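Below is one structure, written out as structure tokens; the observations come after it.
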Protein chains: 2
Amino acid sequence: MTNKNGDLYVIPTPLNEDLDDFYTPKQKKRINHIQHFVVENKKPARNSLKKLELNTSLQELKLHENNKNVQLNYEEVLDILKSGSDVGLISDCGLPGVSDPGSELVLKCHFDNIKVKTIAQESSILSSLACSGCNGQNFEFIGYLPIDKNKRKKYLSNLAVEIKKSKKTFIFIETPHRNLETFQFLLESLNTENLVCIAYDINGDSESILTNSIKGWEKINIEFEKKPCIFLVN
Amino acid sequence: MTNKNGDLYVIPTPLNEDLDDFYTPKQKKRINHIQHFVVENKKPARNSLKKLELNTSLQELKLHENNKNVQLNYEEVLDILKSGSDVGLISDCGLPGVSDPGSELVLKCHFDNIKVKTIAQESSILSSLACSGCNGQNFEFIGYLPIDKNKRKKYLSNLAVEIKKSKKTFIFIETPHRNLETFQFLLESLNTENLVCIAYDINGDSESILTNSIKGWEKINIEFEKKPCIFLVN
């Protein structure tokens, strides 16, 4: 018996449903054991799930719908995860949470200490967005922050104002030796309710994608790997 | 003998160089004939090109570097394309043109009537950005535009002001029955030098990703497929 939580896997699906060769063998292998899927709509979901060649038959899979008309029972899904089972998250096509439903569940997982992982592999920017739980309906990638400390601090304070106004997610990259300093600037510049996601080594062995509120981060003693880091602020 | 131009293929590379299972057989098959690659740096490029299992040996491939220190000879690459050979575009890791070099070459191809295609398949937003030639160092996804005509027009006029100020690329989605109207609003609202990319059916049989300036689009009689369309404005 284990009391380890299951993981939430954020899974991309083909843009073109006729594509019969979308996942690589390793991608399939990582998630072929999953039996519970949160999906946008069941019909397109079945078409995508077929391509994943899961160990469980389509008929036996448990599909939980999450769209404009059907409100997902979040408690039920979190209970499945807490019972130790992994759950997959897919949307009709593309990446869940990026201009598609999904980020609300992802965020609840972060707040419930459930690991969020992904088999998406083409872009660290969108993989981290999909796994962050931050707003994926309106987001801005701003590249690198100003190197000068004062300019960087000022820039981050402006972000806090912008987020309050627009609810937009801001995404930026930081170099390893400035990760900790920038993170401390975030704690000082943002409001307690703002979300910060720290993503590094996506698809690597030490992959870590963690989201918390400023209030939550203040209580955590975070250590940064010496790796480039993607920050998301919302 | 053919005088058809070659195509530029925008190719994602793994975020984690140890990943030995990144491309599907169909992705490899689409580009295994390519002999010329524009790369960011040769060493990581060779590592990625190995994974593509090309028909040509690594030693015989022609690699053209494009990075902060090495200025790509654009004329040479365009001549290769105009002679009928396809060219691949890769960056060190991730998607070329998205927080990585590449968009300048992509834009030159659009202006020279060279088709830009991609084997990226996880996100229509980033695939279209990578293939647009628009600024991928700072971009904002804004989802859907306002439905009300006057609000939509006003919104687009504001974008023109924003682009002038920040050089940012704005990305939005439009529903099929509003594609033409929104396109006409773009022609009316933006400045002649602004770029508009229209991308639809990415990874589909009728995939089309076209970028032109407002000045250029004014001379073209465009017909929209009855498909959702991604617009990029820069």
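Numbered from 1 within each chain, the chains take letters A, B, ... in sequence-line order. This structure is a prediction, so every number in the text was calculated from the model and none was measured. Excluded from the calculations below are hydrogen atoms, water molecules and symmetry mates; all remaining heavy atoms, backbone and side chain alike, are included.
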Exercise for review: Go through the atoms of A:Glu17 and report whether side chain, backbone, both or neither lie under 4.5 Å from a heavy atom of chain B.
Suggested key: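 It is neither, since no heavy atom gets under 4.5 Å.
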Quick check against the 3.5 Å criterion: does [X] have a side-chain atom that pairs as donor or acceptor with the backbone of [Y]?
{"X": "A:Asn16", "Y": "B:Ile202", "result": "no"}
{"X": "A:Asp18", "Y": "B:Gly204", "result": "no"}
{"X": "B:Gln121", "Y": "A:Phe22", "result": "yes"}
{"X": "A:Asn203", "Y": "B:Leu15", "result": "no"}

In Å and rounded to the nearest 0.5 Å, what is the [atom1] to [atom2] distance from [X] to [Y]?
{"X": "A:Ile171", "Y": "B:Phe139", "atom1": "CD1", "atom2": "CZ", "value": "6.5 Å"}
{"X": "B:Ser123", "Y": "A:Leu95", "atom1": "OG", "atom2": "CG", "value": "6.0 Å"}
{"X": "B:Phe141", "Y": "A:Gln137", "atom1": "CZ", "atom2": "CD", "value": "7.0 Å"}
{"X": "B:Ile11", "Y": "A:Glu122", "atom1": "CD1", "atom2": "CD", "value": "11.5 Å"}

For atom [atom1] of [X], is the number of surrounding heavy atoms from other residues, nucleotides or ligands below 6.0 Å larger than 12?
{"X": "B:Lys115", "atom1": "NZ", "value": "no"}
{"X": "A:Asp205", "atom1": "CG", "value": "no"}
{"X": "A:Lys149", "atom1": "NZ", "value": "no"}
{"X": "B:Lys29", "atom1": "NZ", "value": "no"}
{"X": "A:Glu223", "atom1": "CD", "value": "no"}

Using heavy-atom distances under 4.5 Å, tell me whether [X] contacts chain A through its side chain, its backbone, both, or neither.
{"X": "B:Ile142", "result": "both"}
{"X": "B:Ile119", "result": "backbone"}
{"X": "B:Gln27", "result": "both"}

Out of [options], return the one with the most heavy atom pairs under 4.5 angstrom to chain A.
{"options": "B:Gly94, B:Pro25, B:Gly136", "result": "B:Pro25"}
{"options": "B:Ala120, B:Gly143, B:Ser127", "result": "B:Ala120"}
{"options": "B:Thr24, B:Asp21, B:Asn138", "result": "B:Asp21"}

Review point. If you count heavy-atom pairs under 4.5 Å between each of A:Ile173, A:Asp201, A:Asp20, A:Thr13 and chain B, which one has the most?
Key: A:Asp20
